[in-house]
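The structure under discussion appears below in the form of structure tokens.
Lettering of chains follows the sequences in order, A, B, ..., and the numbering in each one begins at 1.
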Number of protein chains: 2
Amino acid sequence: MKRRTTSSKTEILEVLKSSGNAMSHEMIQTELHRKVDRATIYRVLNQFCEDGKVHKIVGDDGKQYFAFCMNCGEKKHVHSHKHLHFRCLECGKVECLESELSLPLPSGYIGKVHNLLVSGYCRECGSEEGNNFS
Amino acid sequence: MKRRTTSSKTEILEVLKSSGNAMSHEMIQTELHRKVDRATIYRVLNQFCEDGKVHKIVGDDGKQYFAFCMNCGEKKHVHSHKHLHFRCLECGKVECLESELSLPLPSGYIGKVHNLLVSGYCRECGSEEGNNFS
DNA sequence: GTTTATGCAAATTCTTTGCAATACT
DNA sequence: AGTATTGCAAAGAATTTGCATAAAC
């Protein structure tokens, strides 16, 4: 199944690139100039993930976020990356953090690490109070 | 709203305790002797989370898993814990790992860490091949 | 012209909620 | 008795799928 270039694909990728953060399908939709159907957005995003252009993060809210990771750059996406995603509990923003992570897995566990999500408050929202993590 | 003791609650907690792993509502349901309604299971589990008896983990499949964490023990649940959850991509099992994690957050980020999920292959399923992380 | 991509609507899956009946204390 | 809990059904929310039409190559 050979991929075809379409304006939907181009624009969605552009939105992700210029945002630099992980976005839900809804956030992407509102950033697009033309109206693109939800189903199409999902299909395009999943293609991007298959192709390694974008990666998918499941937030602690159970929703899918998609990111063109600045750290991974343009190069083929390494699926088993070792960096963190940070989701702000205040503004909901999901970012890719550069921090390298050394992960202490018990022996016997094969596990390249992925989809590592940390929640808290980002630089902008950072308020000490109300740290009601669930 | 004062909590009441019921057999549903007792049995659900018992199932979680004896399993030692994080379970979905469905896994719990099949382990119960009596039939308990989905809605009830969810309500009970969410109560447990509020009370800090159990914690909720959102898997990379977007589903909720609930665990009576052996590491946290009987004591009041510390919401911002620092240990990992490991989900096996083969058998789907979710475990709490003891590993202490030192997390490199950029300065300016307030973030106690929680819901840290790592995916891979557990000791039992551990097969090198087919590491198709998405 | 053939095959992929899109939009629309409908189906799925997971989770939550309203409400009347039931069970705790 | 009074209030929390349960079951059932229905509602919600996020994501996927079927199918006919439109667009790429």
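A salt bridge is absent between Glu50(B) and Lys56(B); no separation between the charged side-chain nitrogens and carboxylate oxygens falls under 4.0 Å.
In this structure the side chain of Gln29(A) reaches within 4.5 angstrom of the side chain of Ile41(A), judged on heavy atoms.
Between Thr5(B) and dT25(C) there is a side-chain N or O to OP1 or OP2 distance below 4.0 Å. Contact check, Thr6(A) against dT6(C): a side-chain N or O comes under 4.0 Å of OP1 or OP2.
Judged by atom type and distance alone, Arg4(A) reaches the base of dT3(C) through a side-chain donor-acceptor pair under 3.5 Å. Looking at Arg43(A), its side chain comes within 3.5 Å of the base of dG18(D) through a donor and an acceptor atom.
Lys9(B) places its NZ atom 12 Å from the C1' atom of dT25(C), with the value rounded to the nearest Å. One atom, CD of Gln29(B), and another, C1' of dT6(D), lie 14 Å apart when rounded to the nearest Å. Rounded to whole angstrom, the span from the NZ atom of Lys56(A) across to the C1' atom of dT16(D) amounts to 10 Å. When rounded to the nearest whole Å, the span between NZ of Lys35(A) and C1' of dA5(C) equals 16 Å. In this structure, the CG atom of Asn46(B) is 18 Å from the P atom of dA4(D), given to the nearest Å. The CZ-C1' distance, from Arg38(A) to dT17(D), rounds to 13 Å in whole Å. The interatomic distance linking Asp61(B) (CG) with dT15(D) (P) rounds to 13 Å, in whole Å. Here the P atom of nucleotide dA5(C) and the CG atom of Leu45(A) are 14 Å apart, to the nearest Å.
If you check dA5(C), dG7(C), dT15(C) against the side chain of Thr40(A), the one that comes closest is dG7(C). Minimum atom distance to the side chain of Gln47(A) is reached by dA5(C), of the listed dT16(D), dT6(D), dA5(C). Comparing dC8(D), dT15(C), dG7(C) by their closest approach to the side chain of Ala39(B) singles out dC8(D).
Side chain to side chain, Lys9(A) and Gln47(A) meet the donor-acceptor criterion of an N or O pair below 3.5 Å.
Ser24(B) comes within 4.0 angstrom of nothing in the nucleic acid, heavy atoms only. At a threshold of 4.0 angstrom between heavy atoms, the contacts of Gln64(A) are confined to the sugar-phosphate backbone, with no base atom among them.
Separating the NE2 atom in His55(B) from the CG atom in Leu16(B) is a distance of 10.0 Å, to the nearest 0.5 Å. With values rounded to the nearest 0.5 angstrom, Phe66(A) atom CZ is found 9.0 Å from His25(A) atom NE2.
Mapping His25(A) and Lys2(B) onto DNA chain D by nearest heavy atom places Lys2(B) closer to the 5' end of the strand. Residue Lys63(B) is the one, among Asp37(B) and Lys63(B), whose nearest nucleotide of DNA chain C lies closer to the 5' end (criterion: closest heavy atom).
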